[in-house]
Amino acid sequence: MTTTLHLWDRLAEAKSHLTPVQSKYRVLFEDSQDEPAKVLVPDPNWMAAALAGSILPPIDTYLRDRDVADGQPKEHPYAEPIGPMTEEEAIEYLIMKDISPAVWRDYQGNRVVLKITPVELIPSDRSFRNAWKITQDAERIAA
Amino acid sequence: MSTIIASNISDGTTSVPSTYVVNGSAKAWVNFNGTSTVAIRDSLNVGSITDVGTGQYRVNFTNAMPDANYSVIATVNGADTGTYEFNDSRHQALGVVLSPTYASVSSKHPAATAWYDVWQMSAAIFS
């Protein structure tokens with residue numbers, strides 16, 4: 001009989017032998033009209049774990065755990081891990097885990113509020129960082 | 001992977017409960033570049049960071065904390081980014097919001113009211 005290791009233990013073990021993977025993508029999103037666009041940056045160790053498989057729990061467990069009160073047992077640390085993902089699947093997983101469903105599921109407006117974009121299209125000049133918005137120009141895909 | 005189950009750890013003369021080791025270990029940590037194209041250098045138990053705005057970042061955990069009553073130790077290392085020049089010793093890191101699933105960390109120059117990007121932000125979470 002095998003026992004599933006706790007997620008924290010799986011992450012610690014994975015870090016000891018997996019080579020980190022810097023993602024080629026970033027996720028731009030806007031969750032408030034009054035704030036600048038935010039940029040989700042995938043973690044290289046997490047991405048390595050996602051690509052390797054058998055480490056991360058199903059995304060459904062994170063979504064269910066949103067409704068669990070603080071201090072109560074969560075499902076995701078003990079869930080059976082899922083298999084390997086592609087980088088694109090891993091990015092979608094991260095969006096669902098780390099961005100509010102109000103952005104990726106519930107938003108019904110016409111404005112583009114979420115975009116997966118190659119990292120080289122994110123401006124490296126941050127002089128006007130707090131003015132960043134996602135461009136609504138279909139010909140351009142960066143912030 | 002093998003598991004050692006022990007109530008105490010001893011060096012032969014001094015003994016401490018193993019809970020000291022478990023509870024005293026960082027449950028997550030991260031080191032990232034907050035300037036130019038923001039990127040994570042290394043971490044443990046971090047799924048992503050969110051670049052919220054100038055000098056403001058959110059560390060998203062892979063394995064969530066049990067509640068928001070944990071401790072964040074954060075340090076910053078400023079650098080000349082070509083736009084701003086920082087005096088490293090005068091910068092400070094501030095934790096703003098703690099949630100079971102993420103911790104917000106920010107960098108501010110004591111002489112200014114605005115947040116500032118930093119070349120290196122490090123944060124460790126103890127729970």
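We name chains A, B, ... by the order of the sequence lines, and we start the count at 1 in each one.
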Quiz item: Of the non-hydrogen atoms in A:Asp98 and B:Gly47, which two are nearest, and what is the gap between them?
Solution: OD2-C, 4.3 Å
Self-check item: Within one Ile-Leu-Val-Met-Phe-Trp-Tyr cluster: B:Val38 and A:Val119, side-chain cutoff 4.5 Å
Solution: no
Quiz item: Heavy-atom distance under 4.5 Å to chain A: side chain of B:Thr101, backbone, both or neither?
Solution: neither
Practice problem: Look at B:Ala64, B:Gly55, B:Ser36 and state which one has the largest set of heavy-atom pairs under 4.5 Å with chain A. | Solution: B:Ser36
Self-check item: Under 4.5 Å from any heavy atom of chain B - which part of A:Leu94
Solution: side chain
Practice problem: Please flag which part of B:Phe61 lies under 4.5 Å from any non-hydrogen atom of chain A: side chain, backbone, both or neither. | Solution: backbone
Self-check item: Toward chain B, the part of A:Leu56 with a non-hydrogen atom under 4.5 Å
Solution: side chain
Exercise. To the nearest 0.5 angstrom, please state how far the OG atom of B:Ser48 sits from the CD1 atom of A:Ile91.
Key: 9.0 Å
Quiz item: Of the listed residues (B:Ala39, B:Ala28, B:Pro100, B:Ser43), which shares the most heavy-atom pairs with chain A below a 4.5 Å separation?
Solution: B:Ser43
Quiz item: Which pair of heavy atoms, one from A:Gln22 and one from B:Ile40, lies closest together, and at what distance?
Solution: NE2-O, 2.9 Å
Practice problem: Would you list the pairs meeting ring-ring contact (aromatic ring centres under 6.0 Å, His included) in which at least one residue belongs to residues 49-70 of chain A, sequence neighbours left out? | Solution: A:Tyr62-A:His76
Self-check item: Heavy-atom donor-acceptor pair, B:Arg58 side chain to A:Leu40 backbone, under 3.5 Å
Solution: no
Quiz item: Within residues 41-53 of chain A, which positions have a heavy-atom distance to chain B below 4.5 Å?
Solution: A:Val41, A:Pro42, A:Asp43, A:Pro44, A:Asn45, A:Trp46
Quiz item: Mind checking who shares a hydrophobic cluster with B:Trp29, ILVMFWY linked at side-chain heavy-atom distances under 4.5 Å?
Solution: A:Trp8, B:Leu44
Quiz item: So if you build clusters from Ile, Leu, Val, Met, Phe, Trp, Tyr with side-chain heavy-atom gaps below 4.5 Å, do A:Val113 and A:Met96 land together?
Solution: yes
Exercise. Quick one: closest heavy-atom pair of B:Asp117 and A:Arg126, and the distance?
Key: OD2-NE, 2.7 Å
Quiz item: Got more than 12 heavy atoms from elsewhere within 6.0 Å of CD, A:Glu120?
Solution: yes
Quiz item: Any chain of hydrophobic side-chain contacts (each under 4.5 Å) joining B:Ile73 to B:Val59?
Solution: no
Quiz prompt | Euclidean distance, B:Ser99 OG relative to A:Asp70 CG, rounded to 0.5 Å | solution = 7.5 Å
Quiz item: Quick one: of B:Val30, B:Val52, B:Thr37, who has the most non-hydrogen atom pairs under 4.5 Å with chain A?
Solution: B:Val52
Quiz item: Can you tell if the side chain of B:Asn63 reaches within under 4.5 Å of the side chain of A:His6, non-hydrogen atoms only?
Solution: yes
Practice problem: Using a cut-off of 6.0 Å, state whether more than 12 heavy atoms not belonging to A:Asn110 lie near its atom CG. | Solution: no
Quiz item: Between A:Glu35, A:Lys15, A:Arg129, which residue shows the highest count of heavy-atom pairs closer than 4.5 Å to chain B?
Solution: A:Arg129
Quiz item: Would you say A:Ile95 and A:Leu63 are hydrophobically clustered, going by side-chain heavy atoms of ILVMFWY under 4.5 Å?
Solution: yes
Exercise. With a 4.5 angstrom heavy-atom cut-off, could you sort out which part of A:Phe29 is near chain B: side chain, backbone, both or neither?
Key: side chain
Quiz item: Shortest non-hydrogen contact from B:Thr54 to A:Asn130?
Solution: N-OD1, 2.9 Å
Quiz item: Pairs in or reaching into residues 76-92 of chain A: which pass salt bridge (Lys or Arg N to Asp or Glu O under 4.0 Å), with residues at least two apart or in two chains?
Solution: A:Lys24-A:Glu87
Quiz prompt | Backbone N/O of B:Pro66 and side chain of A:Gln72: donor-acceptor pair under 3.5 Å | solution = no
Practice problem: Could you tell me which non-hydrogen atom of B:Thr50 sits nearest to which non-hydrogen atom of A:Lys38, and how far apart they are? | Solution: CG2-CB, 3.8 Å
Exercise. Among A:Gly71, A:Ala14, A:Pro36, A:Pro73, single out the residue with the greatest number of heavy-atom pairs under 4.5 Å to chain B.
Key: A:Gly71
Quiz prompt | Region of B:Asn69 in contact with chain A, defined by heavy-atom distances below 4.5 Å | solution = neither
Quiz item: Out of curiosity, does A:Val21 fall in the hydrophobic cluster containing A:Leu18 (side-chain heavy atoms, cut-off under 4.5 Å, transitive links)?
Solution: yes
Quiz item: Can B:Asp51 and A:Arg26 be counted as an ion pair, charged N to O under 4.0 angstrom?
Solution: no
